[in-house]
Chemist: 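Supplied in structure tokens, the structure appears directly below.
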Amino acid sequence: MSKDRIVLITGSSRGIGAASARLFAANGWGVCINYINNAAAAEAVAKDVRAYDVPCTTVQGDVSKEDDVLRVFETVDSELGTLSSLVNNAGILLPQSRLSGINAERLNKLLITNVTSCFICSREAVKRMSTNEGGKGGTIVNVSSIAATLGAPNEYTDYAATKGAMDTFTRGLALEVAGEGIRVNAVRPGIIDTDIHADGGEPGRVQRLGPMVPMQRGGTAEEIAEAIYWLASEKSSYATGTFIDLAGGR
Ligand code: NAP
């Protein structure tokens with residue numbers, strides 16, 4: 001059990017973030033649950049987290065907006081205390097499209113939600129964790145995607161490119177803060193059974209594509225949470241700037 005550990009998981013009202021919140025709590029961590037719209041879902045996750053008798057708070061905030069990010073981190077400071085780990089999990093897909101259907105508005109929405117958020121949240125976390133700033137160190141886990149390596153042609157090249165940016169940032173930040181007590185790593189999930197596919201225009205995507213994965217199925221949010229937790233915890237103490245692919249062999 002980890003004592004006095006606090007994690008902020010962006011986008012943890014549903015899907016991979018929610019499964020991660022439950023797993024951190026099961027291991028004794030206090031959890032800040034962030035969401036953008038679905039307060040009821042966030043409260044349901046908070047109820048599960050509190051059942052482990054750990055500190056917990058929920059905070060609405062659009063992590064693509066700098067002011068919201070500042071408010072989310074201030075809430076962690078005042079309600080939970082010293083941040084030990086940040087999981088940059090919040091992310092979106094938009095309806096499938098070839099390049100011909102991608103305009104600047106769509107691309108910019110993906111970039112600010114999936115990439116800008118990761119930079120700004122990481123900046124706030126590093127400010128609090130860095131031993132150069134009087135902090136105790138910590139970990140950052142980025143939730144990228146195997147799409148960063150596959151490119152997602154005919155469907156989501158824009159989304160895949162945002163995850164490629166996240167991977168580059170993972171390496172760069174990891175090296176930048178390796179001497180400041182902070183480890184930065186990422187997971188790259190494959191097709192995982194969450195609501196994101198419905199938001200991307202195809203609710204049955206996991207059922208359609210799961211059988212084509214080498215392991216012949218989609219993954220679960222809980223399977224991804226295990227790797228996120230490992231990278232955030234002391235168990236991965238010599239890992240930084242690295243990636244865990246959880247994509248059934250893809
Ligand atoms: P999901 O089930 O759709 O959940 C998305 C979560 O993010 C929700 O809690 C949502 O909050 C929150 N959110 C969305 N935009 C936000 C914003 N601007 N600010 C704060 N929170 C925001 O998604 P998921 O499948 O678990 O995906 C989580 C991460 O895994 C994403 O980064 C995604 O790209 C990545 N990933 C997923 C898959 C997959 O197959 N599912 C594969 C590879 C990578 P509300 O509940 O309030 O809407």
Side-chain angles (χ1 to χ4, degrees), residues 8-23 31-46 58-69 71-73 75 86-94 96 108-118 120-121 141-150 152 155-156 158-167 169-170 186-210 213 217-225 227-228 243-248 250:
L8 163 60
I9 307 172
T10 66
S12 44
S13 45
R14 292 183 288 126
I16 293 168
S20 301
R22 293 186 180 100
L23 183 60
V31 184
C32 178
I33 298 162
N34 159 252
Y35 65 99
I36 183 167
N37 292 315
N38 199 332
E43 279 311 320
V45 178
T58 60
V59 57
Q60 189 283 333
D62 178 346
V63 290
S64 72
K65 295 183 177 161
E66 192 156 11
D67 286 351
D68 282 22
V69 169
R71 182 171 48 75
V72 168
F73 275 82
T75 304
L86 164 69
V87 181
N88 282 310
N89 168 75
I92 56 166
L93 273 178
L94 293 174
Q96 293 156 338
N108 288 336
K109 184 173 170 61
L110 281 166
L111 283 167
I112 62 169
T113 307
N114 296 357
V115 183
T116 307
S117 64
C118 182
I120 303 302
C121 288
V141 182
N142 293 328
V143 182
S144 174
S145 170
I146 202 69
T149 67
L150 301 175
E155 292 191 317
Y156 308 113
D158 47 7
Y159 168 83
T162 68
K163 296 302 186 178
M166 203 177 206
D167 286 2
F169 178 59
T170 300
V187 295
R188 287 192 293 226
I191 298 168
I192 310 304
D193 196 2
T194 71
D195 298 341
I196 203 169
H197 306 290
D199 295 342
E202 190 185 354
R205 187 158 188 264
V206 180
Q207 291 66 34
R208 177 172 69 86
L209 294 179
V213 170
R217 67 173 177 87
T220 67
E222 288 73 20
E223 289 175 307
I224 309 308
I228 293 172
F243 302 86
I244 299 181
D245 291 346
L246 302 140
R250 291 176 87 201

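Note that ligands are numbered from 1 as they come in the structure, with each ligand's atoms numbered from 1 the same way.
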Chemist: Determine whether the side chain, the backbone, both or neither of Ser13 has a heavy atom under 4.0 Å from any heavy atom of ligand 1.
Modeler: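 Both backbone and side chain of Ser13 come within 4.0 Å of ligand 1.
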Chemist: Kindly indicate whether the side chain of Val115, heavy atoms from C-beta on, has any atom under 4.5 Å from the side chain of Met166.
Modeler: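 No, too far: nothing below the 4.5 Å cut-off.
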Chemist: Do Phe73 and Leu8 come within less than 4.5 Å of each other through their side chains, counting heavy atoms only?
Modeler: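 Heavy-atom side-chain distance check passes, below 4.5 Å.
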Chemist: Would you indicate whether the side-chain heavy atoms of Ile224 and Ile228 approach each other to under 4.5 Å?
Modeler: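 Yes, their side chains come closer than 4.5 Å.
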Chemist: Can you name the atoms of ligand 1, numbered from 1 with element, that are less than 4.0 Å from a heavy atom of Ile16?
Modeler: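 With Ile16 as reference, the close atoms of ligand 1 come out as 26 (O), 30 (O), 37 (C).
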Chemist: Ligand 1 and Ala41, any nitrogen or oxygen pair closer than 3.5 angstrom?
Modeler: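 Checking ligand 1 against Ala41, no N or O pair falls under 3.5 Å apart.
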Chemist: For Ala90, take its heavy atoms, then give the atoms of ligand 1 lying under 4.0 Å from any of them.
Modeler: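 Answer for ligand 1: 21 (N), 22 (C), 32 (O).
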Chemist: Using a 4.5 Å cut-off on heavy atoms from C-beta on, say whether the side chain of Glu222 contacts that of Leu23.
Modeler: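 Sidechains of Glu222 and Leu23: no contact.
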Chemist: Sort out for me which residue in Asn38, Ile33, Thr58 forms a side-chain contact (heavy atoms from CB on, under 4.5 Å) with Glu43.
Modeler: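 One option only clears the test, and that one is Thr58.
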Chemist: Among Leu86, Asn88, Thr10, Thr170, find the residue that satisfies the side-chain contact (heavy atoms from CB on, under 4.5 Å) test when tested with Cys118.
Modeler: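 So the option named by the test is Asn88.
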Chemist: For atom 5 (C) of ligand 1, what's the nearest protein heavy atom and its distance?
Modeler: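 For atom 5 (C) of ligand 1, the nearest protein heavy atom is Gly91 O, 4.3 Å.
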Chemist: Would you mind running through ligand 1 and noting each atom that sits below 4.0 Å from a heavy atom of Asp62?
Modeler: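 Taking each heavy atom of Asp62 in turn, ligand 1 has 17 (C), 18 (N), 19 (N) under 4.0 Å.
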Chemist: Mark up the atoms of ligand 1 that fall under 4.0 Å of a heavy atom belonging to Gly61, in ascending order.
Modeler: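 Taking each heavy atom of Gly61 in turn, ligand 1 has 19 (N), 20 (C) under 4.0 Å.
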Chemist: Once you restrict to heavy atoms under 4.0 Å, what part of Ala42 touches ligand 1? Side chain, backbone, both or neither.
Modeler: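 Neither; nothing of Ala42 gets under 4.0 Å from ligand 1.
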Chemist: For Arg188, is there an ion pair with Asp167 - N to carboxylate O distance below 4.0 angstrom?
Modeler: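 A salt bridge links Asp167 with Arg188.
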Chemist: Is there a side-chain contact between Val87 and Ser20 in this structure, where contact means two heavy atoms from C-beta onward sitting under 4.5 Å apart?
Modeler: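 Heavy-atom side-chain distance check fails, nothing below 4.5 Å.
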Chemist: Please list the nearest protein heavy atom to atom 42 (C) of ligand 1 with its residue and the distance rounded to 0.1 Å.
Modeler: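 Of every protein heavy atom, Gly190 O, 2.9 Å lies nearest to atom 42 (C) of ligand 1.
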Chemist: Counting C-beta onward and ignoring hydrogens, is there a side-chain heavy-atom pair between Glu155 and Arg205 closer than 4.5 Å?
Modeler: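 A side-chain contact exists here, since the closest heavy-atom pair is under 4.5 Å.
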Chemist: Evaluate the criterion side-chain hydrogen bond (donor to acceptor under 3.5 Å, both in side chains) for residue pair Asn142 and Ser144; output intermediate values, then yes/no.
Modeler: CA-CA 6 Å; Asn142 293 328; Ser144 174; over 6 Å; no
Chemist: When you measure from atom 36 (N) of ligand 1 to every protein heavy atom, which one gives the shortest distance, and what is it?
Modeler: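 Protein heavy atom at minimum distance: Tyr159 OH, 3.5 Å.
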Chemist: Who's the nearest protein heavy-atom neighbour of atom 6 (C) of ligand 1, and how far?
Modeler: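 Of every protein heavy atom, Gly11 O, 3.5 Å lies nearest to atom 6 (C) of ligand 1.
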Chemist: Going by the order shown, which atoms of ligand 1 are within less than 4.0 Å of some heavy atom of Val63?
Modeler: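 Atoms satisfying the 4.0 Å criterion: 17 (C), 18 (N), 19 (N), 20 (C).
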Chemist: Does the side chain of Leu110 come within less than 4.5 Å of Ile92's, by heavy atoms?
Modeler: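 Of all side-chain heavy-atom pairs linking Leu110 with Ile92, at least one is under 4.5 Å.
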Chemist: Heavy-atom distance to atom 10 (C) of ligand 1: which of Lys163, Arg14, Gln60 wins?
Modeler: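 Of the listed residues, Arg14 has the closest heavy atom.
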Chemist: Looking only at N/O atoms, are Thr194 and ligand 1 under 3.5 Å apart anywhere?
Modeler: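 Yes: some nitrogen or oxygen of Thr194 is under 3.5 Å from one in ligand 1.
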Chemist: Between Ile224 and ligand 1, which part of the residue brings a heavy atom under 4.0 Å of the ligand: side chain, backbone, both or neither?
Modeler: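 Within the 4.0 Å criterion, Ile224 makes no contact with ligand 1.
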Chemist: Taking 4.0 Å as the limit for heavy-atom contacts, which would you say applies to Asn38 with ligand 1: side chain only, backbone only, both, or neither?
Modeler: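 The part of Asn38 near ligand 1 is both the backbone and the side chain.
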Chemist: Give the atom numbers and elements of ligand 1 that come within less than 4.0 Å of a heavy atom of Ile191.
Modeler: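 Every atom of ligand 1 under 4.0 Å from some heavy atom of Ile191: 40 (O).
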Chemist: Any atom of ligand 1 sitting under 4.0 Å from a heavy atom of Ser144?
Modeler: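 True for this residue.
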Chemist: His197 to ligand 1: N or O pair under 3.5 Å?
Modeler: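 Min N/O separation from ligand 1 is below 3.5 Å for His197.
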Chemist: Do any N or O atoms from the side chain of Gln60 and from the backbone of Ile36 form a donor-acceptor pair under 3.5 angstrom?
Modeler: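 Yes, because the side chain of Gln60 sits within donor-acceptor range (under 3.5 Å) of the backbone of Ile36.
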Chemist: Quick one: does Ile92 get an N or O within less than 3.5 Å of an N or O on ligand 1?
Modeler: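 Such a contact does not occur with ligand 1.
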Chemist: Does the side chain of Asp193 reach to within under 4.5 Å of the side chain of Thr220, using non-hydrogen atoms?
Modeler: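 They are not in side-chain contact.
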Chemist: Below 4.0 angstrom from a heavy atom of Gly15, which ligand 1 atoms are there? Numbered from 1 as shown, please.
Modeler: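 Answer, ordered by atom number: 2 (O), 26 (O).
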Chemist: Please evaluate residues Gln96 and Tyr156 with respect to the criterion side-chain hydrogen bond (donor to acceptor under 3.5 Å, both in side chains), reporting the C-alpha separation (whole Å), side-chain torsions for both, the decisive distance (0.1 Å), and the verdict.
Modeler: CA-CA 6 Å; Gln96 293 156 338; Tyr156 308 113; 3.2 Å; yes
Chemist: Would you mind telling me if ligand 1 is within reach of the side chain of Arg188, the backbone, both or neither, using heavy atoms under 4.0 Å?
Modeler: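 The answer is neither.
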Chemist: One thing to verify: whether Arg217 and Glu223 come together as a salt bridge, which I'm taking to mean a side-chain N less than 4.0 angstrom from a carboxylate O.
Modeler: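 Answer for the salt bridge query: yes.
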Chemist: Provide, to 0.1 Å, the distance between atom 40 (O) of ligand 1 and the closest protein heavy atom, together with that atom's residue and name.
Modeler: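 Among all protein heavy atoms, the one nearest atom 40 (O) of ligand 1 is Ile192 N, 2.8 Å.
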Chemist: In ligand 1, which numbered atoms sit nearer than 4.0 Å to a non-hydrogen atom of Val143?
Modeler: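 Listed by number with element: 29 (C), 30 (O), 32 (O), 35 (C).
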Chemist: Looking only at distances, please establish whether an N/O atom of ligand 1 is found under 3.5 Å from an N/O atom of Ile36.
Modeler: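 Yes: some nitrogen or oxygen of Ile36 is under 3.5 Å from one in ligand 1.
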Chemist: Would you mind checking which non-hydrogen protein atom is closest to atom 32 (O) of ligand 1, with the distance to 0.1 Å?
Modeler: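 Result: Asn89 O, 2.7 Å.
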Chemist: Taking Asn89 for its side chain and Ile9 for its backbone only, find out whether a donor-acceptor pair lies under 3.5 Å.
Modeler: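 No, Asn89 side chain to Ile9 backbone: no donor-acceptor pair under 3.5 Å.
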Chemist: What's the shortest distance from atom 27 (O) of ligand 1 to any protein heavy atom, and which residue and atom give it?
Modeler: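 Closest protein heavy atom to atom 27 (O) of ligand 1: Ile196 CD1, 3.9 Å.
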